[in-house]
Structure formats: structure tokens, C-alpha cells
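All values derive from a computational prediction rather than experimental measurement. Reminder, nothing fancy here: chain letters follow the sequence lines and each chain counts from 1.
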There are 2 protein chains.
Amino acid sequence: MGAVLDAKAYASKADRDSNRQSTRIQTINREIILDAAIAVFAVHGFRGSTVDQIAAKAEMSKPNLLYYFRRKQDIYRAVLEHTLDDWLTPLSAIDPQGDPIEELRRYITLKLKMSAENPAASRLFANEILAGAPVIGDFLKTRLRQLVHEKAGVIRRWVAEGRLAPVDPTHLIFTVWAVTQHYADFDVQIRAVLGSQIDQPGFREQTAQAVLTIVLNGIRPRG
Amino acid sequence: MGAVLDAKAYASKADRDSNRQSTRIQTINREIILDAAIAVFAVHGFRGSTVDQIAAKAEMSKPNLLYYFRRKQDIYRAVLEHTLDDWLTPLSAIDPQGDPIEELRRYITLKLKMSAENPAASRLFANEILAGAPVIGDFLKTRLRQLVHEKAGVIRRWVAEGRLAPVDPTHLIFTVWAVTQHYADFDVQIRAVLGSQIDQPGFREQTAQAVLTIVLNGIRPRG
DNA sequence: CTCTAATTTGACCAAATAGTCAAGAATCTG
DNA sequence: CAGATTCTTGACTATTTGGTCAAATTAGAG
């Protein structure tokens, strides 16, 4: 898929030195920085995060970090860029030729899995959206919008063919997003309510089962 | 219900002067400040918001604002306190004696209404939770936890009596929270995807209808 | 109206923060 | 190994930010 957000001038000193290929150290350190940055931005958002925090988490001096990404904004954009594609893949993968219930089951399961395995990515988006989507706003209005319209069309066709109960396709997609995001973003709240049982093996499967029961039975056509 | 979070020393100069009653001006200005503060904190969270922003939105000088709330923390706590009770009321109101489907329909409808009418409150919580619930953590682990356990018990009984399809009660509550919060917190994303249709009259009813269809049909026992 | 207490604010301070820079250290290339 | 390049960092600057304070203004009680 490639560059999702508009490339912004030059991100670093290394970049500015013509478009030479990245060195080994550059590759390693950029990865380290992005990993540290997503953890920090996910908790406090862009405004609430500091370059020092990211540098500390990356175990790197601040000037060194700024050697790879000249400005805080550049780190932030890079992190979003780095995560955005992955986030859309599950929806893209819904297959119009497949079995409706099976496709949606797979979609929900995959989304829940991603939320569980990479909650920081989910929280990063949540923060960006809460702040008014200053960086990914255009992306939402173009790429995301188009993808949702496309997949809503698929679901609408399934409904028309009687293979799904009558349901508003867009709101169905929103509902799935809502629930899957929730388990990542509100993890602290869920932990507070459930206590230790969240760490028991099988909790994830149990969650998936419960969500699938609620959502799928709601859209499955009555016998 | 009263004080939800632990009172923290004295919030303001006025408070410190013994527990004299609030003056007219105090009442007005505290209200103005809290209104301004919720709008600011809802967008950028605690760390990302500045006292100057709040003062500007309240059309008040910063020292004047700090005359009513001595520290940024105090404003933040007051805003959360001010909102927390309202947020729980709908769940509290679920009546074990009522009709299951009717009770849940009312709960979901009310939650959606609150999200639509006061999205800032919803986003304030979202930010607090994303930041790790530093302030309301205790509240979540005590009051919220207890309330959820109680209402989960009610739902479990309904299921046992065959008045609801088999469903995990806690996950059902989480699902409802997820969806209702989503329409407030991710408003920007929803707007980006739907475009202008979100502002058409009847959109809220349409949303409620769609959500109720998905969730309720999923838990309604099959004929 | 007068006196007191409450309210308001300009000017200020210390700490935090984004970002710079020059010089030293490590790495790579031939 | 030698020279060039890349990488790293201590020390620094300008700006932002949370919070203070004394003095001026306004509101309220009698």
C-alpha cells in the first residue's frame, strides 16, 4: 500500500542527505524509536507526550533521537503511517464471494486478535481521533470512507439476497469497530471490573465467543 | 450519591477560608470554569491540556481561574466528579422486575442519547481511561465494579429464566458501553465516513434503531 | 455611603519542553 | 590502517507552562 499520509518535507538529517539508502544502524534505531513512540503516544496522545519520554523509553539521548526524526510531529506521523495500513487490512479482506456469516466471523475475530496483541496501536488511533484527527483526517475522508462504502455495498447485497438479516451495513461496521476497539482502549476499565480473570488463559477466546454470539446472532437470518 | 472521588485538600482559596457558603459569583464562575474545562480536557486529556486554554475558553484570566481552583489537577478532578454520577445512572436504572428486552432497550437508548447530547463527557472518560485511569482508577475498581457485578447478576437470572438468549452478561454490558461510547468518542471518524448525512434530522433515531436491531436481536430468545 | 471581604489581574518566577549545535566517538570503505 | 561518513551527546537557547503575589477593583452588608 505504501505512503498513506502525505510525505512531509524531510523527516531526518539522514533523509536530507539525498535519498541515500538507510544504513544498518538507521534501520535499527528508527524501529526502536517507533516502538518507543507508539507506547508513549498511545497513553498521552500527541500533545501530552514529550520527546524526552520517547527518548527515555528508547534508551537514547534526545539529540540522538532528533537526529533520526527532526521534530516531534515527524515521529508522530511516522508512527501513524507505520500502523495505518495494518489497521485496515481486516476490513479489506472481507470477501464478497464468501459466506456472509463466515466472513463477518473472521473479520471480528481478526479485529479482536489485533486489539489484544497490539493495544497500543488501537489507543494511538483513539487518541488521534479524540483530538479531532488533525493528522489522519484526510485519510479518513478519502481512503477509509471509500473502503467502508465499498464493504457496506457488499453487506447490503448480502442482505438483499436474504443471506443476512436486515441490518444497516454502515452501522454494523461501526458496531464491530466499537466493540473491538473497546477491548483494547478500555482495557484498564475492563481490568478494574473483571479483576484477575482477565489474565486467565482462554479469556480472549471467551471474549471472542461472547461478542460473536451477540453480534452474529443479531444479523443471522431466522430459520 | 455525592462525592465520588476522594476530596483532595482544599480546591480553592474560597474553600480554604473555612467552609463558608459559596457566594453568587463563586457559583457562577465555578460553573463557567467546569464547562470550559470539560471541553478542553475532552479533546487533549489531562496532560495535553493547559490552564491557559481553559482560561481562554472560560474568558477569564489565568490567575482568576486559579483563584477558584488552585491547581490544574483540582479542575480536572472537579470535572470528573461532576460527570461521573450521571454516567452511571442509566446502568443503575436497569430494573430486575422489568421486562428484559424492554429494560435493555431503554438502557441502550438512554446511553446513546447521553452520548449524542454530551459527547464531551464521554471523551473526557475515554481520555482518562486511555491514560490509565490515574484519577478514577479506584472508583472503577470499587463502585463501578460492584454495580456491574450486580447488574450482571440480574442479566444472568434473566438468562436462567429463559427470558434472554444465552449470553455472557458482563460482555453484554461491555458491548453496550463500547457501541454507545463509540458514537461520541469517534464522532470525527463517523463524520468522515458518512459525510453530511450525520447532520440530517432523524440520524440519531436511525442509529439507535440499527444498534438496537443488532444487539437486541442477538440476545432475544428465538421463538 | 462606608467599610470589609471577595474578586480580578499584570507582572513575575521556576520548571518543563522542543529543538539546536559543535565537537567527540564509532563505523564503514577502500 | 586512514580518511570520510555516520552516529552520539553535553551544553545550550527560546518558548511554553503551572503556579505565585501584591496591588487594584468590585461587590455586598449595615
Side-chain angles (χ1 to χ4, degrees), chain A residues 8-34 36-37 40-41 43-79 134-135, chain B residues 8-34 36-37 40-41 43-79 134-135:
Chain A
K8 206 58 171 192
Y10 295 106
S12 72
K13 171 72 163 50
D15 275 358
R16 253 169 307 138
D17 295 348
S18 309
N19 15 7
R20 227 164 304 174
Q21 200 187 334
S22 290
T23 68
R24 186 182 57 90
I25 295 177
Q26 272 168 38
T27 309
I28 293 171
N29 280 347
R30 272 200 246 265
E31 188 67 26
I32 290 173
I33 292 168
L34 291 181
V40 174
F41 285 133
V43 175
H44 290 117
F46 178 74
R47 287 227 32 180
S49 303
T50 73
V51 177
D52 294 83
Q53 279 173 50
I54 300 171
K57 180 143 282 190
E59 298 180 89
M60 195 178 283
S61 70
K62 183 166 63 164
N64 197 20
L65 185 150
L66 289 168
Y67 170 74
Y68 292 100
F69 296 91
R70 286 175 69 206
R71 298 176 307 157
K72 186 181 163 187
Q73 270 253 11
D74 296 334
I75 315 174
Y76 187 65
R77 295 186 81 94
V79 168
V135 173
Chain B
K8 207 53 173 197
Y10 294 106
S12 72
K13 170 70 163 52
D15 275 357
R16 252 168 310 141
D17 297 346
S18 309
N19 17 8
R20 227 164 303 173
Q21 200 187 333
S22 290
T23 68
R24 186 182 56 89
I25 295 177
Q26 274 168 37
T27 310
I28 293 171
N29 280 348
R30 273 199 245 266
E31 188 67 27
I32 291 174
I33 292 168
L34 292 180
V40 173
F41 285 133
V43 175
H44 290 117
F46 178 74
R47 285 227 32 175
S49 302
T50 72
V51 177
D52 293 85
Q53 278 172 46
I54 300 170
K57 179 143 284 189
E59 299 180 87
M60 196 178 282
S61 71
K62 182 167 63 165
N64 197 22
L65 185 150
L66 289 168
Y67 170 74
Y68 293 99
F69 297 90
R70 286 174 71 206
R71 298 176 307 157
K72 186 181 163 186
Q73 270 251 15
D74 295 334
I75 315 172
Y76 187 64
R77 295 186 81 95
V79 168
V135 173

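- Taken to the nearest 0.5 Å, the CG atom of B:L66 stands 8.5 Å off from the OG atom of B:S61.
- At D:dC7, none of the side-chain N or O atoms of A:N64 fall inside 4.0 Å of OP1 or OP2 (strictly under the cut-off).
- Put simply, CE on A:M60 is 17 Å from C1' on D:dG10, counting in whole angstrom units.
- B:Y67 has a side-chain polar atom (N or O) that falls below the 4.0 Å cut-off from OP1 or OP2 of C:dT7.
- Residue B:Y68 has no polar side-chain atom (N or O) positioned under 4.0 Å from OP1 or OP2 of C:dA6.
- In terms of modelled atom types and a separation under 3.5 Å, the side chain of A:D74 and the main chain of A:R71 share a donor-acceptor contact.
- From A:K57, atom NZ reaches atom CD1 of A:I32 across 14.0 Å, with rounding to the nearest 0.5 Å.
- B:N29 has a side-chain polar atom (N or O) that falls below the 4.0 Å cut-off from OP1 or OP2 of C:dT8.
- The side chain of A:S61 places no N or O atom within less than 4.0 Å of a non-bridging phosphate oxygen (OP1 or OP2) of D:dG10.
- Nearest heavy atom pair, residue B:I33 against residue B:I54, reads O-CG2, 4.3 Å.
- Taking every heavy atom of both residues into account, B:S22 and B:R30 meet most closely at OG-NH2, 3.7 Å.
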*asked:* Strictly under 4.0 angstrom, non-hydrogen atoms only: write out the protein contact profile of nucleotides 18-30 of chain C, one letter per nucleotide from the 5' end, B, S or -.
replied: BBBB------S--

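- Remark: A:Q26 is not in phosphate contact with D:dT6, judged by side-chain N or O atoms under 4.0 Å from OP1 or OP2.
- The aromatic rings of B:F46 and B:Y76 are tilted relative to each other, their planes meeting at an angle between 30° and 60°.
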